[in-house]
K.L.:
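Sharing a structure below in structure tokens format, with a few things to ask.
In what follows, chains are A, B, ... by sequence order, proteins preceding strands, each numbered from 1.
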Amino acid sequence: MSDYYEMAKKWQKRWEESKVFKSKADKSKKKFYCLEMYPYPSGKLHIGHVRNYSIGDSYARYKRMKGFNVLYPMGYDAFGLPAENAAIKNKIHPGEWTLDSMASMRKQQKELGFSYDWDREIASLQPEYYKWNQWIFTQMYKKGLAYRKAASINWCPGCNTVLANEQVEDGKCWRCKSEVDQKKLEQWFLKITDYADELLKDLDKLDEWPEKVKIMQKNWIGRSEGVTLKFDVVDENGTNIDEIETFTTRADTVYGITYLVLAAEHPKAIEWTKGTEYEEKVKEFIKKVKKQTIIERTAEGKEKNGIFIGKYFINPFTSEKCPLWIADYALYEYGTGAVMAVPAHDQRDFEFAKKYDLPIKVVINPDSFDLDAQKMNRAYAEDGTMVNSQGFNGMHNRDALDDIKKLAKEKGWGEPTINFKLKDWLISRQRYWGTPIPMLYCDKCGIVPVPDEELPVMLPEDVEFTGHGNPLTTSKTFQHSKCPLCGAQARRETDTMDTFIDSSWYFFRFTNPEHHSDMVEKEEADYWMPVDQYIGGIEHAILHLLYARFFTKVMRDLGLSHVDEPFSRLLCQGMVIKDGAKMSKSLGNTVDPSDIITKYGPDTARLFILFAALPEKELDWNDQGVHAAYKFLNRVQRLTENDMERGFNIEQMPESLTNADRSIIGKLHKTIKKITRLFDTMSQSLAIGALMELVNDINKYTTSGSGTSYNKSVFRYLLENLIIMISPFAPHLAEEMWETIGNEGFVSVYQWPEFKEEYIDKEAQACEDLIHNIRSGIQSVQKLTEIKPKQMKLFIPDAWKYDLYKLVAQKFSETHDFQTIMKEVMSDPGIRSHGTQVSQIINSVVKNPSKFPKHVLSMEKEIQTIEENRDLLGQEFDMEIEIIKESDAEENKAKSGLPSRPAFILY
RNA sequence: GCGAGGGUUGCAGAGUCUGGCCAAAUGCGCAGGACUUAAGAUCCUGUCUCUUAGUGAGUCCGGGGGUUCGAAUCCCCUCCCUCGCACCA
């Protein structure tokens, strides 16, 4: 077991005792609400959780150190099927199972040292929590946002319950992957479609959401602007029998309609064929279509099937009589369940028309040529010029679109319509472990909501978990109730709510979980909401994130808060994979976070997971990487073994500082700037990389030269800043080191260092690099010659640059034209060989003449530095060093026979 | 088909917005060295090619072309990969 593990325990205890992470609303402070998607307590934390919380915690800690009043809570999404399934299997109450899971997850979360305000913990299984699910449901019922209706619904045979559309993926249950059946049932719905427009429109406000998620939501909501057209339906003789509506976005193609198809489920299909020769065939067809699963029906490249139903319709634009068909490619759920077919300009209609030999009529021609209906091998769906369209001929189809819509409206043939793919949210579940829907059925009064004062409707305990049917129906008492209106016997609703309801507003509850008399305490919610940074998996791109947005808007309209959108900024973390595959029990490639924590300590686990990949990218788990993180922490901790002194004051930087000191201080401030920027863009892995770089440089600083020459108070200054900056990643180690060097208080709440441009001394850094290079040059010379030379000639490197600057300066005084200067400078024999950098130097001069003298100054300073360090280096290597500037070197060159720009010459 | 994101030096992965300080961060891997009886661990150095004194030369960021004094970075064309959605009328 690692020392780090024990060390972490110590600090976790101290944090807890001092309640250092407790948050309180305070209007005088700028707030920051950082939130991770609260977990479903399924037993143990997995690596994905650890990643999620490590990202969130590092950020929350950073923001706290930046001076924000941070709200960073944790809770549990405690209702759900796994608990109930465990109950059926193991004869243990779902509540007990869930509370056990919560306890073990909480323990692990505490072991990892996340800086949650544990006083705000919530769990959706608490009656004081789910009471408000029920309350808002009755509020929505009263506003007509919750309603009960019979509908064709998705039934999951695996989970024995219905599913919302959002919970069906590829025709399968999102949870258990069973194939979903269609059933007709009376169910409760929430009218999310009332908010469809706003949910779509407000996506534009979410600047700091991943584009991907916004697009997914946009597609899911699926808004289409078009027109609903009405057609008279006639029999063979042309006698009017009924009418049919269709929705289209391509009103510009109405002159090309050649037939119309109904979805198989469309009730008119049966009605119109009743008693005709077509009745049997149509019924048979419908039966065949309904037998197919969703997967079969929507399979890629699936051939379209249909039959003629013996009826016709009149196209009001052309007065033509066209046939009515029934086909499997029309969807009953979308639009009106009927499609006007324009085979020439819609690929699906085209395929169908080809198969059943239906007419194809071109009404839009491309710009470059005319289409021939006979020769087309695919539909022409692009824009072009209208033909065969009466008064619209010759117009561009986009222009004609609006005119045709207007015409349809004037003549009463159709109405402009906006259609959504989004359907109302089906929230009934025939399961026990959820929030009971607070509704009563009275024979006299009908459906009656449970009055507010009787909430919560508690889950009954006298139930049996058999695995068949809804356990709530087995309760002797639960269903019997009284009608609050007439007092008569009333039956209580036994369906429970979809657990996504719980997670649709929990972020409000965190703002004041203690408050029991309202759903949210407005003042607190107004201070803390919206969530400033939300972090979770991409799998909730539609489900949870759409529902939460919907609830937030409903709550706003109920006057519970003022926010339009719950999450200002969203981060979708990437998956954790191992050996090229997603971690899963079935593949046996899982990693238990507890093993890492006990072996290397929580800081290592967190640091590795943050360092291994950027938060939104896939993370490939490898054990060597874990070890590397551990080694790095060791290296950092060893820094405290160096000598150090208090008393360094950056505000009054002492004159006596060497170039090495100034250089490393500059490096520190560059790193401060970099890490601050990287944190703000949630690039923790790069921030850690920058810290590693800094640690490398600090090590070089303390060990270069004779090894003890570093400034001890500068070193302490560096170390303190390093500890502060590493504390969001490795908080326990940071606290330990902070204490070791004798500082008081928690570094976890110490203020984040401020970047100071003026402390970056570029000249000092350049000089420092120079000396470093000379030193390693001498070392390699000594190594190669084996004998230690007593004397050395040192040619000043880069002195040519100095000459170059002087030359450029001279030319610059004559002309400011880049090309001229370039030409003249390049023609100078001493300069030509350095052509690549010449243009850069000239350009920097031309672009920014005021900076120019600085360049020359820095060159002079370099030369001075070398001269100043001559004796030091001489002592270090026990030799005499003679300095020769390159401009003087030319004459020596002849003597030595060496190349033109040597750095070192030995005697 | 529609939409989004990518292709960088052995691997992972920065750099691209804002062109030059980029042979290109950081880590892994690999090589050499120190320590050790030894292995491991740890530490140091190196790690595109050439150059056995260089702050040197050459080549390089999927492929091709262009703009520029200068391109991994900007523009155009092209090839390849990944991920979402998908008969939505």
K.L.:
Quick one: A:L331 CG to B:A86 P, roughly how many Å, whole number?
P.N.:
11 Å

K.L.:
Could you tell me whether the phosphate oxygens of B:U42, OP1 or OP2, come under 4.0 Å of any side-chain nitrogen or oxygen in A:H627?
P.N.:
yes

K.L.:
Determine the interatomic distance between P on B:U47 and the same-named atom on B:G62; round to the nearest Å.
P.N.:
23 Å

K.L.:
Answer with base, sugar-phosphate or nothing: what part of the nucleic acid does A:K617 contact at a heavy-atom distance below 4.0 Å?
P.N.:
sugar-phosphate

K.L.:
Would you tell me whether A:Y4 and A:N634 have side-chain atoms, one donor and one acceptor, within less than 3.5 Å of each other?
P.N.:
yes

K.L.:
Pick base, sugar-phosphate or nothing for A:E211, based on heavy-atom distances below 4.0 Å to the nucleic acid.
P.N.:
nothing

K.L.:
So what does A:L614 touch, heavy atoms closer than 4.0 Å: a base, only the sugar-phosphate, or nothing?
P.N.:
sugar-phosphate

K.L.:
Any side-chain donor paired with an acceptor under 3.5 Å for A:Y329 and A:N305?
P.N.:
no

K.L.:
Just by distance, no angles: are the side chains of A:E245 and A:T336 close enough, under 3.5 Å, to form a donor-acceptor pair?
P.N.:
no

K.L.:
In whole Å, what separates the P atom of B:U73 from that of B:U18?
P.N.:
14 Å

K.L.:
Could you tell me which nucleotide pairs with B:G19 by Watson-Crick or G-U wobble geometry, both distances under 3.5 Å, or answer none if nothing does?
P.N.:
none

K.L.:
CG of A:N165 versus P of B:A86: gap in Å, rounded?
P.N.:
11 Å

K.L.:
Could you state the CG-P distance from A:N219 to B:G1, rounded to the nearest angstrom?
P.N.:
17 Å

K.L.:
Does B:U37 pair with anything, Watson-Crick or G-U wobble, both distances under 3.5 Å, and if so, with which nucleotide?
P.N.:
none

K.L.:
Write down the distance separating the P atoms in B:A86 and B:G3, rounded off to the nearest Å.
P.N.:
16 Å

K.L.:
Where the side chain of A:K304 is defined as all heavy atoms beyond and including C-beta, which of B:C87, B:G29, B:G27 is the nearest nucleotide?
P.N.:
B:C87

K.L.:
Looking at A:R635, does any N or O in its side chain come under 4.0 Å of the phosphate oxygens OP1/OP2 on B:C44?
P.N.:
yes

K.L.:
Between B:G64 and B:C69, how far is it from one P atom to the other, in whole Å?
P.N.:
23 Å

K.L.:
A:I215 has a side chain; which of B:U26, B:A14, B:G3 sits nearest to it?
P.N.:
B:G3

K.L.:
Which of the following nucleotides, B:G27, B:G84, B:A14, is nearest to the side chain of A:M216?
P.N.:
B:G84

K.L.:
Pick the closest RNA chain B nucleotide for A:G625 and for A:A613 by heavy atoms, then say which residue is nearer the 5' end.
P.N.:
A:A613

K.L.:
Starting at atom CD of A:E169, determine the distance to atom C1' of B:C85, rounded to an integer number of angstrom.
P.N.:
12 Å

K.L.:
Counting the atoms with a prime plus P, OP1 and OP2 as sugar-phosphate, which does A:K421 contact under 4.0 Å by heavy atoms, base, sugar-phosphate, or nothing?
P.N.:
base

K.L.:
For A:D197, is there an ion pair with A:R223 - N to carboxylate O distance below 4.0 angstrom?
P.N.:
yes

K.L.:
Has A:R638 got a side-chain N or O lying under 4.0 Å from the OP1 or OP2 atom of B:C43?
P.N.:
yes

K.L.:
Looking only at side chains, do A:N419 and A:S224 share a donor and an acceptor under 3.5 Å apart?
P.N.:
no

K.L.:
What integer distance in Å separates A:K670:NZ from B:G15:P?
P.N.:
18 Å

K.L.:
Using Watson-Crick or G-U wobble geometry with both distances below 3.5 Å, tell me the partner of B:A4, or none.
P.N.:
B:U82

K.L.:
Would you call A:K355 and A:E303 a salt bridge, using N to O less than 4.0 angstrom?
P.N.:
yes

K.L.:
Select one nucleotide: of B:U26, B:A89, B:C83, the one nearest the side-chain heavy atoms of A:K212.
P.N.:
B:C83

K.L.:
Which nucleotide in the list B:U26, B:A14, B:C87 gets nearest to the side chain of A:E693?
P.N.:
B:U26

K.L.:
Suppose we define a pair by two distances each less than 3.5 Å, Watson-Crick or G-U wobble; what does B:U73 pair with here?
P.N.:
none

K.L.:
In whole Å, what is the span from the CD1 atom of A:I688 to the P atom of B:C28?
P.N.:
14 Å

K.L.:
Which whole-number value in Å describes the distance from A:E618 CD to B:C81 P?
P.N.:
17 Å

K.L.:
Which of these nucleotides, B:G3, B:U42, B:A89, is closest to any side-chain atom of A:S224?
P.N.:
B:A89

K.L.:
Could you check which nucleotide pairs with B:C11 in any of the strands shown, counting Watson-Crick or G-U wobble with both distances under 3.5 Å?
P.N.:
B:G27

K.L.:
Taking the P atom of each, how far is B:C22 from B:A57, in whole Å?
P.N.:
16 Å

K.L.:
Ignoring hydrogens and angles, state whether a donor on the side chain of A:N696 or A:R635 is under 3.5 Å from an acceptor on the partner side chain.
P.N.:
yes

K.L.:
Closest to the A:V339 side chain: B:A89, B:A14, B:G29?
P.N.:
B:A89

K.L.:
Is the phosphate of B:A41 approached by A:K631 (side-chain N or O, under 4.0 Å from OP1 or OP2)?
P.N.:
no

K.L.:
To the nearest Å, how far apart are A:Y329 OH and B:G1 P?
P.N.:
21 Å

K.L.:
Under a 3.5 Å cut-off for both contacts, is B:U52 paired Watson-Crick or G-U wobble with anything, and if yes, with which nucleotide?
P.N.:
none

K.L.:
Using a strict cut-off of less than 4.0 Å between a Lys/Arg side-chain nitrogen and an Asp/Glu carboxylate oxygen, indicate whether A:E693 and A:K667 qualify as a salt bridge.
P.N.:
yes

